[in-house]
There are 2 protein chains.
Amino acid sequence: MNKAQLIESIQKALGAETTKKHAGEALEAVLDGITKGVKKDGNVQLIGFGTFKVSSRAARKGRNPKTGEAMKIKASKSVRFVASSNIKKGLK
Amino acid sequence: MNKAQLIESIQKALGAETTKKHAGEALEAVLDGITKGVKKDGNVQLIGFGTFKVSSRAARKGRNPKTGEAMKIKASKSVRFVASSNIKKGLK
DNA sequence: ATTCGATTAGTTGTGCTTTGTTCATGAATG
DNA sequence: CATTCATGAACAAAGCACAACTAATCGAAT
């Protein structure tokens with residue numbers, strides 16, 4: 001599924017008077033809200049969906065896979081997602 | 001950040017004529033859309049935010065953490081999230 | 001403001017998974 | 001069209017998922 005397909009799904013869920021444009025704006029508002037919340041608070045917990053958390057990794061040794069040359073991988077931060085029990089149901 | 005706080009953030013982003021109720025409905029529509037998309041297609045790719053993917057784990061041995069007794073953990077599926085480079089920016 | 005059912009967090013131990021490095025290329029997205 | 005993403009290579013250590021069960025938290029309903 002891509003963004004356009006998700007927007008259609010959202011439009012259907014919100015009802016016939018919702019335009020694609022509005023559905024798209026809703027999606028952007030949600031993703032932006034999550035992004036900002038993770039950045040500000042370090043986590044966004046959505047019960048029944050999952051929790052977005054900032055994860056940190058220390059600097060470590062790695063390699064350039066092309067040359068095999070050892071190199072340093074800098075410390076980094078990323079966003080991880082802990083899936084709720086609810087979203088796991090019915091997966092195939 | 002929790003759901004109520006995210007709804008406020010969404011309401012602000014969508015504009016003053018959007019009620020808390022509508023913002024909440026938008027959030028539910030988005031989360032439902034993602035949930036259904038992952039279940040149906042195995043992945044939901046949202047450029048600039050990240051990609052939700054189904055992940056599978058084989059059965060393995062685990063323990064009852066209370067008693068230490070060994071037991072089998074069944075094969076399972078979950079939803080993992082690969083953060084886009086954009087969402088990683090500005091994390092602290 | 002309160003209630004309470006539903007969901008999540010936490011506990012230990014261990015083996016599997018993820019991550020990130022460079023860089024070229026092509027595909028997909030918006 | 002500009003930007004992002006996926007892919008692949010080798011590698012190894014950090015990180016994480018899970019078990020059962022109880023305590024803690026959340027949030028929809030009142």
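Naming: A, B, ... by sequence-line order, numbering from 1 per chain. A quick note: this is a predicted structure, and the numbers were derived from the prediction, not measured.
Mapped onto DNA chain C by nearest heavy atom, A:Ala4 and A:Val79 fall at different nucleotides, with A:Val79 at the one closer to the 5' end.
The hydrophobic cluster containing A:Val44 also contains B:Leu31, counting ILVMFWY residues as joined when their side-chain heavy atoms lie under 4.5 angstrom apart, directly or transitively.
For C:dT29, one of the phosphate oxygens OP1 or OP2 lies less than 4.0 angstrom from a side-chain nitrogen or oxygen of A:Asn2.
A:Lys3 comes within 4.0 angstrom of sugar-phosphate atoms only, judged by non-hydrogen atoms across all strands, and of no base.
Without hydrogens or angle criteria, A:Glu8 side chain to A:Gln5 main chain gives no donor-acceptor distance under 3.5 Å.
A:Phe81 has its CZ atom 15 Å from the P atom of D:dC16, to the nearest Å. Look at CZ on B:Phe52: it is 13 Å from P on D:dC5, rounded to the nearest Å. At whole-Å resolution of the value, NZ in A:Lys77 and P in C:dG20 are 12 Å apart. For B:Lys21 and D:dA29, the NZ to P distance is 11 Å, given to the nearest whole Å.
Screening residues 21-42 of chain A for side-chain hydrogen bond (donor to acceptor under 3.5 Å, both in side chains) gives A:Lys3-A:Glu28, A:Thr19-A:His22, A:Lys21-A:Glu25, A:Asp32-A:Lys36 as the qualifying pairs, with residues at least two apart or on separate chains.
By the salt bridge (Lys or Arg N to Asp or Glu O under 4.0 Å) test, B:Lys53 pairs with no residue at all, sequence neighbours left out.
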**Request:** Spell out protein contact along nucleotides 6-17 of chain C as letters: B when the base is contacted, S when just the sugar-phosphate is, - when no protein heavy atom is under 4.0 Å; keep the 5' to 3' order.
**Result:** -SSS--B---S-
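The two residues A:Ser9 and B:Gly33 come nearest to each other via the heavy atoms OG-CA, 3.6 Å. A pairwise comparison of heavy atoms in A:Val79 and B:Phe81 identifies O-CD2, 3.9 Å as the closest pair.
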